[in-house]
Amino acid sequence: MEGIEHRLVKVNGINIHIAEKGEGPVILFLHGFPELWYSWRHQILAFSSMGYRAVAPDLRGYGDSDAPDSVESYTCFHIVGDLVELIDVLDPDVGKVFVVGHDWGAYMAWLLCLFRPDKVKALVNLSVPFLRTHREIKPVDFWRSYYGADHYIYRFQKPGEIEAEFAEIGVERVEKELLTDFPVFLPKGKLFKRPLDEPITLPSWLSEEEANYYVTVFQKTGYTGALNFYRNFNRNWELLKPWVGSKIKTPTKFIVGDKDLVYHMPGIKDYIHNGGFQEDVPSLQQVVVMEGVGHFINMVTPDEINKYISDFFTHFV
């Protein structure tokens with residue numbers, strides 16, 4: 001990761017760690033779970049060489065960024081508040097940047113564009129489409145009714161419970177399992193498909209050295225800050241009520257792998273392909289479904305993803 005600089009930036013009352021490289025228009029890369037700024041390593045190197053300033057923070061609760069204690073400190077308003085102030089630090093003259101998000105980073109990027117469209121020149125989101133807020137049903141309740149009590153989002157809800165189970169297995173095993181084959185279900189007593197004494201074969205896109213970077217960081221921080229994002233799903237549903245029916249007007253490209261677990265969640269394919277997505281994001285200019293690609297799309301096929309991003313952002317420089 002030669003030439004990538006690291007620093008802490010004070011925003012929204014906390015310290016956010018950022019990794020950055022390059023000069024030029026800022027691209028802000030937002031990671032998901034169970035990831036870090038490091039998930040954007042391929043993009044940072046590529047876009048810094050293309051004349052951009054590539055910046056990837058650890059979101060609050062992750063890595064070297066601060067992790068407030070209370071679950072309530074991880075609502076969408078807190079995260080987007082961090083991003084708005086960070087954008088003002090990164091681009092003090094105009095306060096407007098390009099944004100690329102994945103997983104939770106994509107979800108927060110959608111909301112950043114919903115709340116503060118003046119802050120984003122154009123958006124490329126990966127894996128997670130805009131999630132339309134249902135007026136009646138809380139999201140965690142819906143997923144539990146559809147998938148049952150072993151669904152990973154439901155299992156993440158109770159503070160301390162899944163952390164204790166992860167600790168029993170050990171961070172190294174947990175992190176490598178999550179990155180290799182992210183589970184839809186996490187049954188108590190048998191969290192992962194493989195027996196714990198069976199070695200994990202890492203996918204071709206993730207070396208042992210790369211996996212160990214995540215392991216080392218999460219061994220230091222634990223998972224609570226990251227899991228607190230999930231623990232605010234229902235709270236965000238309540239907070240977002242004033243925006244039900246609002247449109248996202250930022251120019252957008254969306255990319256998902258056809259093996260991504262999000263793509264196979266109930267109603268998602270229909271929403272993406274049959275008009276709902278375009279209705280909610282009227283400036284959605286392209287949807288790309290990549291064949292044979294799973295959830296961690298920016299690490300699995302970095303060259304293709306970089307080209308999709310570059311081709312899109314070129315129109316707005």
Side-chain angles (χ1 to χ4, degrees), residues 9 11-14 16-19 26-40 43 55-63 65-68 71-90 95-133 139-140 153 156 225-240 242-243 246-250 252-256 260 262 277 280-281 284 295-298 309:
V9 181
V11 297
N12 201 20
I14 65 170
I16 291 289
H17 163 252
I18 63 172
V26 174
I27 304 179
L28 184 61
F29 292 95
L30 306 177
H31 69 80
F33 176 89
E35 303 176 81
L36 301 160
W37 73 268
Y38 188 67
S39 299
W40 299 108
Q43 285 71 39
V55 182
D58 285 329
L59 298 180
R60 70 163 57 201
Y62 284 85
S65 293
D66 287 351
V71 173
E72 294 80 6
S73 295
Y74 293 82
T75 72
C76 57
F77 289 156
H78 290 86
I79 312 305
V80 174
D82 297 344
L83 299 177
V84 169
E85 288 200 26
L86 179 58
I87 290 168
D88 288 339
V89 170
L90 297 174
K96 194 169 187 176
V97 301
F98 293 108
V99 176
V100 180
H102 173 255
D103 190 75
W104 269 105
Y107 179 67
M108 292 303 170
W110 291 121
L111 297 182
L112 171 64
C113 293
L114 185 65
F115 300 151
R116 294 298 304 271
D118 58 306
K119 294 294 176 187
V120 183
K121 295 177 182 176
L123 171 67
V124 175
N125 261 345
L126 313 177
S127 182
V128 175
F130 180 68
L131 299 176
R132 187 181 276 180
T133 302
V140 175
I153 291 176
F156 286 172
L227 293 166
N228 283 341
F229 283 63
Y230 291 92
R231 291 166 184 155
N232 278 282
F233 255 129
N234 281 353
R235 187 173 288 108
N236 288 338
W237 173 82
E238 295 174 358
L239 294 171
L240 287 168
W243 286 272
S246 295
K247 311 296 184 188
I248 293 174
K249 298 177 181 177
T250 305
T252 303
K253 175 183 280 190
F254 177 71
I255 311 168
V256 66
D260 194 320
V262 179
F277 196 9
D280 290 340
V281 188
L284 178 66
H295 183 64
F296 299 104
I297 191 167
N298 47 309
I309 296 170

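All figures in this text were calculated on a predicted structure; none of them were measured in a lab. Just the heavy atoms: all of them, side chains too, but no hydrogens, waters or symmetry mates, feed the values below.
- Taking 4.5 Å as the limit, every side-chain heavy atom of R60 sits out of range of all side-chain heavy atoms of D66.
- Ring planes of F233 and W104: tilted class, angle from 30 to 60°.
- Without hydrogens or angle criteria, R231 side chain to F156 main chain gives a donor-acceptor distance under 3.5 Å.
- Taking all atoms of both residues into account, the shortest heavy-atom contact from T252 to T250 is OG1-O, 2.7 Å.
- Without hydrogens or angle criteria, N298 side chain to S39 main chain gives a donor-acceptor distance under 3.5 Å.
- Judged by distance alone, the side chain of H102 and the main-chain N or O of H295 form a donor-acceptor pair under 3.5 Å.
- When every heavy atom of G32 is checked against every heavy atom of D103, the shortest pair comes out as CA-OD2, 3.5 Å.
- The shortest side-chain heavy-atom distance between V100 and I27 falls under the 4.5 Å cut-off.
- For the atom pair CD1 of I309 and CZ of F29, the computed distance is 5.5 Å after rounding to the nearest 0.5 Å.
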Report task. List the steps and the verdict of side-chain contact (heavy atoms from CB on, under 4.5 Å) for L111 and I79. Result -> CA-CA 10 Å; L111 297 182; I79 312 305; over 6 Å; no

Query raised in the report: So W110 and Y107, ring-ring contact (aromatic ring centres under 6.0 Å, His included) or not? Walk me through it.
Result: CA-CA 5 Å; W110 291 121; Y107 179 67; 9.6 Å; no

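- In this structure the side chain of I18 never reaches within 4.5 angstrom of the side chain of V89, judged on heavy atoms.
- Note that OG of S246 and CZ of F130 are 8.0 Å apart. Values are rounded to the nearest 0.5 Å.
- Between N12 and H78, the shortest heavy-atom contact is ND2-O, 3.3 Å.
- Atom-to-atom distance recorded for D88:CG and K96:NZ is 13.0 Å, nearest 0.5 angstrom.
- Within the 4.5 Å cutoff, no side-chain heavy atoms of I297 are placed close to those of D260.
- Side chain of H31 to backbone of L59: a donor-acceptor contact under 3.5 angstrom is found.
- Once rounded to the nearest 0.5 Å, the distance linking CG of L227 with OH of Y74 reads 10.5 Å.
- Note that SG of C113 is 6.5 Å distant from CD1 of I248, once rounded to the nearest 0.5 Å.
- Between the CG atom in D58 and the CG atom in L30 there is a gap of 11.5 Å [rounded to 0.5 Å].
- Taking the six-membered ring for Trp and the full ring otherwise, the centers of Y62 and Y38 sit at least 6.0 Å from each other.
- S73 and P68 get closest at one heavy-atom pair: CB-CB, 3.7 Å.
- Between F33 and Y230, the distance separating the two ring centers is shorter than 6.0 angstrom.
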Requested in this report: Start with the C-alpha gap between V97 and K121, add the side-chain angles, then the distance that decides, and say whether side-chain contact (heavy atoms from CB on, under 4.5 Å) holds.
Outcome: CA-CA 6 Å; V97 301; K121 295 177 182 176; 5.8 Å; no

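- The two residues N236 and C76 come nearest to each other via the heavy atoms OD1-N, 2.8 Å.
- Between N232 and V71 the shortest side-chain heavy-atom distance falls below 4.5 Å.
- You'll find the side chain of L112 reaches within 4.5 Å of the side chain of I87, heavy atoms only.
- Residues T75 and R235 approach most closely at CG2-CD, 3.7 Å, considering heavy atoms.
- Two residues are said to be in side-chain contact when any heavy atoms from C-beta on lie closer than 4.5 Å; V99 and L83 fail this criterion.
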